[in-house]
Protein chains: 2
Amino acid sequence: LNYPSKLVEEAVLEIAKLPGIGKKSALRLVLHFLKSGILPTQKLTFALENLVKNTINCSVCFSIADEELCNVCSNGKRDKRIMAVVADTRDLMAIENTNQYNGVYHVLGGVISPIQGIGPSELKIEKLIERLSQDAEIKEIILALSPTMEGDTTAFYIKKRIEHLNLKISTIARGIPIGGDLEYTDEITLGRSILTRVSF
Amino acid sequence: LNYPSKLVEEAVLEIAKLPGIGKKSALRLVLHFLKSGILPTQKLTFALENLVKNTINCSVCFSIADEELCNVCSNGKRDKRIMAVVADTRDLMAIENTNQYNGVYHVLGGVISPIQGIGPSELKIEKLIERLSQDAEIKEIILALSPTMEGDTTAFYIKKRIEHLNLKISTIARGIPIGGDLEYTDEITLGRSILTRVSF
């Protein structure tokens, strides 16, 4: 691409490094910034700098937090007897947005993936075991990991490591999505949801 | 949405103000910034601040420039006898990237659009006439505007205003796009390209 200005080129190249944004979209954003001017652009850049400089990991559950404890861990109304183990903050937010869960969380920071070189030691699994050993309040662990190869591997690994603690261990239900169509459901999901049928 | 942190929420809301980015994509970007850390994020925020604070409009053609004259106007190898009138910098870049044009530009800053409240006085049309009256070098004007209602209106308006200057006035060719399929071309384009057929 030929750029009319060096500063435009630099901004386009930086924006195009973001996931899912190509050079054409980056150029559209640059022209948007130029149109909106200094103050609205600075509101964005200040928010981003504030974000990366001042957020930390919650010292208990390793979710993103503004202070030592995240919103969930510092909330006295949450049920501290149930803990959902999730891969990352996005999954935590997805569960929060269902408004169906009032327990606490433990954020692993990913899932075991030999292909990507992520082993158990790269994740907060030791921290989970430490937390479970020290916190007598916790009675149930929900392994809320995606039903993928990596998610299942991680769930089995964690189950093996915490079995001796005598906690109730559960996993999120798998099956046909609500509103889904039998005909268009993949064979593995449909097959498994027949094998794991529930009484009605 | 429930956010785990106020700083995350603020960053998501600022990013989601950008055109074409919703809250889900904004959240994905926020988690990307948190993962990549302070330095890569600052490279982006510095580039954006630099962009909005230090770019100006070229004093001759009103394209985006780092100095008083843009890359094109300050380039001695460009043919100053031909001028393409374009709506904005994106169109200028699109023409530059064809490598088929070696003239200069005049950037209007938009097109006439009564619906959006943009009249001739909101655009650099007076500046164009001023420039054409003062610059004896210019021999041909290419009205390189999109073949839309607004683009055509703007082209006709400019033609009326500059007719007395005795310049050659042309417009970019309209017709079936190269590689396009007759069958799938819209009727207006196909009809006009029969009426405006060229000898072969």
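Bear in mind the structure is a predicted one, so any value in this text is a computation, not a measurement. So that the names make sense, note that chain A is the first sequence line, chain B the second, and so on, each numbered from 1.
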> Is any side-chain heavy atom of Pro4(A) closer than 4.5 Å to a side-chain heavy atom of Ser63(B)?
Replying inline: yes
> Within a reach of under 6.0 Å around CZ of Arg192(B), are more than 12 heavy atoms found that belong to other residues, nucleotides or ligands?
Replying inline: no
> Applying a criterion of heavy atom separation less than 4.5 Å, what residues of residues 79-92 of chain B form contacts with chain A?
Replying inline: Thr89(B), Arg90(B)
>> What part of Ala11(A) gets within 4.5 angstrom of chain B, counting heavy atoms only: side chain, backbone, both, or neither?
In response: both
>> Please tell me whether Ile138(B) and Ile129(B) are part of a single hydrophobic cluster in this structure, the criterion being side-chain heavy atoms less than 4.5 Å apart.
In response: yes
> Leu145(A) and Phe156(A): same hydrophobic cluster, using ILVMFWY side-chain contacts below 4.5 Å?
Replying inline: no
> Tell me, side chain or backbone of Leu31(B) under 4.5 Å from chain A's heavy atoms, or both, or neither?
Replying inline: side chain
> Could you state the interatomic distance from CD1 (Ile64(A)) to OG (Ser5(B)), rounded to the nearest 0.5 Å?
Replying inline: 6.5 Å
> Using non-hydrogen atoms and a limit below 4.5 Å, what part of residues 106-119 of chain A faces chain B?
Replying inline: none
> Leu69(B), Phe62(B): one ILVMFWY side-chain cluster at the under-4.5 Å cut-off?
Replying inline: no
> Leu123(B), Met149(B): one ILVMFWY side-chain cluster at the under-4.5 Å cut-off?
Replying inline: no
> chain B: which of His32(A), Glu10(A), Glu96(A), Lys17(A) shares the most heavy-atom pairs with it under 4.5 Å?
Replying inline: His32(A)
>> Are more than 12 heavy atoms, taken from residues, nucleotides or ligands other than Ile188(A), located less than 6.0 Å from that residue's CD1 atom?
In response: no
> Among residues 42-59 of chain B, which residues come closer than 4.5 Å to chain A, judged by heavy atom distances?
Replying inline: Gln42(B), Lys43(B), Leu44(B), Thr45(B), Phe46(B), Ala47(B), Leu48(B), Glu49(B), Asn50(B), Leu51(B), Val52(B), Lys53(B), Asn54(B), Thr55(B)
>> Please check if the number of heavy atoms outside Glu68(B) that lie under 6.0 Å from its CD is greater than 12.
In response: no
> Considering heavy atoms only, which positions within residues 163-171 of chain B lie below 4.5 Å of chain A?
Replying inline: none
> So which heavy atom on Leu18(B) is nearest to which on Phe33(A), and how close?
Replying inline: CD2-CE2, 3.6 Å
>> At a heavy-atom distance under 4.5 Å, which candidate from Leu13(B), Leu29(B), Ile21(B), Val72(B) has the highest pair count against chain A?
In response: Leu29(B)
> Within a radius of less than 6.0 Å around CD of Glu67(B), do more than 12 heavy atoms belonging to other residues, nucleotides or ligands occur?
Replying inline: no
> Is it the case that one hydrophobic cluster holds both Val60(A) and Met93(A), taking links as side-chain heavy atoms less than 4.5 Å apart, direct or via other members?
Replying inline: no
